[in-house]
Amino acid sequence: MLNYLDTPALLMVGIAVVMSAFFIGAAMNGILENLAFGTISNMIILTLGAFLGFYLGGIFLPYSHDAAYIAIVGVCGGFMLLAVLMALKMALSKFGI
């Protein structure tokens, strides 16, 4: 998926992912005080999830040239990873671990 982007576009995608992950991570930390991991940790999780989504999207959907679709895959990957880790944290705190 990201193979079809040139270097400046790829750098802009990376910068946009990190900047938006910071702002979304700060908002998630303010909303979900107990379940959140902190602003920087949320940012790192969202960034890793976005690039994991890009990577898996490149494996399963190798011929996607649409920039909007690539962005949607990245956002979904970030939020899925954050949701899974928050659910795991909540389940472990519920059982007292």
**Q** Hey, is the main chain of M90 close enough, under 3.5 Å, to the side chain of S93 for a donor-acceptor pair?
**A** yes

**Q** Would you say Y69 and M80 are hydrophobically clustered, going by side-chain heavy atoms of ILVMFWY under 4.5 Å?
**A** no

**Q** Compare every heavy atom of L85 with every heavy atom of F37, then report the nearest pair and how far apart it is.
**A** CZ-O, 3.6 Å

**Q** Do you know the tightest heavy-atom contact between T39 and F22?
**A** CG2-CE1, 3.6 Å

**Q** What's the shortest heavy-atom distance between A21 and T47, and which atoms?
**A** CB-OG1, 3.5 Å

**Q** Give, for atom CG of L46 and atom CG of L81, the distance between the pair rounded to the nearest 0.5 Å.
**A** 8.0 Å

**Q** Spell out, yes or no, whether I24 and I72 are grouped together once hydrophobic residues are joined by side-chain heavy atoms under 4.5 Å, including indirect joins.
**A** no

**Q** Quick one: does M19's side chain get under 4.5 Å of I15's, heavy atoms only?
**A** yes

**Q** Measuring from atom CG of L88 to atom CG of L92, what distance do you get when rounded to the nearest 0.5 angstrom?
**A** 4.5 Å

**Q** Within a strict 4.5 Å, meaning less than it, do heavy atoms of the L82 and N42 side chains meet?
**A** yes

**Q** Can V73 be reached from M12 by stepping across I, L, V, M, F, W or Y side chains whose heavy atoms are under 4.5 Å apart?
**A** no

**Q** Quick check: is I45 connected to V84 through a chain of hydrophobic side chains (ILVMFWY, heavy atoms under 4.5 Å apart)?
**A** no

